[in-house]
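Reviewing the structure listed below.
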Amino acid sequence: DRHKPNEIITLRRRFEILSLVGTLCSDGAHLHMSLADSEGKCVGGHLISARVFTTAEIVLNTHPNISFRRIYDDATGFDELQVINKAEKDYENFLFYGTTLT
């Protein structure tokens with residue numbers, strides 16, 4: 001909702017990373033994280049920042065013909081993801097134009 005600001009909370013405990021997915025591009029990172037505490041209670045949302053206690057097993061993948069960028073969308077009021085197929089002669093041939101669902 002463009003008229004309701006996102007709430008940012010700070011969690012100061014140790015968690016297990018259950019999932020971390022998103023995109024990294026020249027416009028910055030857009031990451032979603034799910035965490036579980038020692039009792040198995042889960043929390044998730046957009047990752048703003050984090051500190052790793054011991055290790056985090058993270059795999060990054062790239063593709064030579066795909067790039068990401070975020071473009072402002074008047075309909076949502078947010079910068080939305082565009083996935084670009086660089087192998088196409090017409091760079092405006094987007095594979096996906098996302099809209100944030102909340």
>> Are L35 and C42 packed together at the side-chain level, in the sense that at least one heavy-atom pair is separated by less than 4.5 angstrom?
In response: no
> Can you name the nearest heavy-atom pair linking L24 to F68, along with the distance?
Replying inline: O-CD1, 4.1 Å
> What distance do M33 atom CE and H46 atom NE2 have between them, rounded to the nearest 0.5 Å?
Replying inline: 13.0 Å
> Between I66 and N85, what is the shortest heavy-atom contact and its length?
Replying inline: CD1-CA, 4.1 Å
> Where is the tightest heavy-atom contact between A50 and L47, given as atom of each residue plus distance?
Replying inline: CB-CD1, 3.8 Å
> In Å and rounded to the nearest 0.5 Å, what is the CZ to CD distance from F53 to E16?
Replying inline: 12.0 Å
>> Please give me the minimum heavy-atom distance between R70 and L81, naming the atom from each residue.
In response: NH1-N, 3.2 Å
>> Would you compute the distance between atom CZ of R14 and atom CZ of R51 and round it to the nearest 0.5 angstrom?
In response: 10.0 Å
>> So D73 and D79, do their side chains get closer than 4.5 Å, heavy atoms only?
In response: no
> Looking at R69 and C25, what are the two nearest heavy atoms and their distance?
Replying inline: CA-SG, 4.2 Å
>> Just to verify, what does D37 make a side chain to side chain contact (heavy atoms under 4.5 Å, CB included) with, not counting sequence neighbours?
In response: R13, F15, E39, K41
> OG1/T23 to NE2/H32 distance, rounded to the nearest 0.5 angstrom?
Replying inline: 7.5 Å
> Minimum heavy-atom separation for L20 to L31, with atom names?
Replying inline: CD1-CB, 4.0 Å
